[in-house]
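Nothing here was measured: the structure is a model prediction, and the numbers come from that model. Note: hydrogens, waters and symmetry copies are ignored here, and every other heavy atom, side chains too, is used.
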Amino acid sequence: QHEEREHVLVVGAEDVAGQVADVAGAERFDHAEQDAAEHRARQVADPAENRLTVTRLRVWVSQGWIKPADREAQTFSEADLARAALICNLEDELGFAEEDVPVLLNLIDQIHGLNYETFVEEIPQHEPNHERRLIDRFHAENTYFVCRDQDQVVGMLAVRASRPFSLDDKLDNLDALLPPHRSVCELRLLAVRKAWRNTRVFHGLMAAASRWGLEAGHDLAVISGTLR
């Protein structure tokens, strides 16, 4: 916790199913479009016991939680349905109240936005896109540590313990380079907005991740970096 309104939060993306997108579009559907959307909604909803329905989609569109990507055709994209499945999990599986959902969606969107700003625009590791959002390939497995100044995400760090790590793709024999250990995790996506660098944000993120790692039984963490 930073002394000036900054707080470190933990977001387990494995609990909220990953795959979210920030899209723009229209807010109404005719019968034919409802039928098509319902067919695709079933495909997404099957793993979630068919809880995702067109009625729920329409409610979420009216609330601004989902904005169909095709403004003129007014149909749901796969990204829309993935976002809807995420909302289903937040409400049905995790039991979040309706008033909490937009806060959580905004938080996840900001994670993807900061990821894009850092690893597309500042450190060009990925191709640009018009949405200016970058969803990590391990998003559904990540646990995120987030630092906020009021409602703005100013720093983040992701932790993941499942192999293969991203470092396994970069080094032929990662384990041969590691010291003796019982359990290892990987730290990734460390990003702090420029205005908050050289503050306690980095310290807070690392301290929170360290506590999480020790509680989870890890005694070693690996992280890769680049010199710029």
**Student:** Taking C-beta and beyond as the side chain, do R160 and S166 meet within less than 4.5 Å on heavy atoms?
**Tutor:** no

**Student:** Heavy atoms, side chains only, cut-off 4.5 Å: are L90 and L105 in contact?
**Tutor:** yes

**Student:** Just say parallel, tilted or perpendicular for the rings of H139 and Y144, cut-offs at 30° and 60°.
**Tutor:** tilted

**Student:** Checking the side chain of R132 only, and the main-chain atoms of Y116 only, is there a donor and an acceptor separated by less than 3.5 Å?
**Tutor:** no

**Student:** Is there a side-chain contact between I108 and L86 (heavy atoms, below 4.5 Å)?
**Tutor:** yes

**Student:** Hydrophobic clusters here meaning ILVMFWY residues chained together by side-chain heavy-atom distances under 4.5 Å, can you tell me if L220 and I223 are in one?
**Tutor:** no

**Student:** Side-chain contact test, heavy atoms from C-beta onward, threshold under 4.5 Å: evaluate it for S210 versus F145 and give yes or no.
**Tutor:** no

**Student:** Which atom pair, heavy atoms only, marks the closest approach of L57 to A84?
**Tutor:** CD2-CB, 3.3 Å

**Student:** Is there a side-chain contact (heavy atoms from CB on, under 4.5 Å) between H218 and W212? Walk through the geometry before answering.
**Tutor:** CA-CA 9 Å; H218 304 302; W212 177 91; 3.9 Å; yes

**Student:** Quick one: pull up CG in L94 and SG in C88 and give me the separation to the nearest 0.5 Å.
**Tutor:** 11.5 Å

**Student:** Considering all heavy atoms of both residues, which atom of L190 and which atom of F119 are nearest to each other, and what is their separation?
**Tutor:** O-CZ, 3.6 Å

**Student:** List the steps and the verdict of side-chain contact (heavy atoms from CB on, under 4.5 Å) for E98 and Q63.
**Tutor:** CA-CA 10 Å; E98 182 175 310; Q63 292 171 319; 3.0 Å; yes

**Student:** Is there a path of hydrophobic side-chain contacts, each under 4.5 Å between heavy atoms, that joins L187 and L174?
**Tutor:** no

**Student:** Do M206 and V222 share a hydrophobic cluster (ILVMFWY, side-chain heavy atoms under 4.5 Å, transitive)?
**Tutor:** no

**Student:** Looking at H181, I want to see if its NE2 is surrounded by more than 12 non-hydrogen atoms of other residues, nucleotides or ligands under 6.0 Å.
**Tutor:** yes

**Student:** Between I66 and I87, is there a side-chain heavy-atom distance shorter than 4.5 Å?
**Tutor:** yes

**Student:** Mind checking the CG-CH2 spacing from D149 to W196? Nearest 0.5 Å is all I need.
**Tutor:** 5.5 Å

**Student:** Taking the side chain from R83 and the backbone from W65, do they hold a donor-acceptor pair closer than 3.5 Å?
**Tutor:** yes

**Student:** Within the 4.5 Å heavy-atom criterion, are Q110 and R148 side-chain neighbours or not?
**Tutor:** no

**Student:** Do you know which two heavy atoms are closest between L189 and A158, and how far apart they sit?
**Tutor:** CD1-CB, 4.0 Å

**Student:** State whether the number of non-hydrogen atoms from other residues, nucleotides or ligands found under 6.0 Å of N129 atom CG is greater than 12.
**Tutor:** yes

**Student:** Keeping N106 on the side-chain end and V103 on the backbone end, is there a donor-acceptor pair under 3.5 Å?
**Tutor:** no

**Student:** Say you draw a straight line from CG of D175 to CG of D172; how long is it, rounded to the nearest 0.5 Å?
**Tutor:** 12.5 Å

**Student:** Could you report the tightest heavy-atom contact between R133 and G113, atom names first, then the distance?
**Tutor:** CD-N, 3.7 Å

**Student:** Within the structure provided, determine whether L134 and Q125 are in side-chain contact (heavy-atom separation under 4.5 Å).
**Tutor:** no

**Student:** If I compare all heavy atoms of V159 with all of A209, which pair ends up nearest, and what's the gap?
**Tutor:** CG2-CB, 4.1 Å

**Student:** Begin from the C-alpha positions of N115 and D136 and carry the test side chain to side chain donor-acceptor pair (under 3.5 Å) through to its verdict.
**Tutor:** CA-CA 8 Å; N115 196 25; D136 181 57; 5.1 Å; no

**Student:** Sub-3.5 Å donor-acceptor pair from the side chain of E186 to the main-chain atoms of L167, do we have one?
**Tutor:** yes

**Student:** If we only count heavy atoms from C-beta on, is the F165 to V184 side-chain gap below 4.5 Å?
**Tutor:** yes

**Student:** Under 3.5 Å, side chain of R193 to main-chain N/O of V153, donor-acceptor pair present?
**Tutor:** yes

**Student:** A quick test of your reading: do over 12 heavy atoms of other residues, nucleotides or ligands sit less than 6.0 Å from CG of N198?
**Tutor:** no

**Student:** How about CG on D151, more than 12 heavy atoms from neighbouring residues, nucleotides or ligands closer than 6.0 Å, or not?
**Tutor:** no

**Student:** Locate the shortest heavy-atom distance separating G155 from L205; write the atom from each residue and the value.
**Tutor:** C-CD1, 3.9 Å

**Student:** Taking everything shown except K194 itself, do over 12 heavy atoms lie less than 6.0 Å from its NZ?
**Tutor:** no

**Student:** How far does CG of L171 sit from CG of L178, to the nearest 0.5 angstrom?
**Tutor:** 9.0 Å

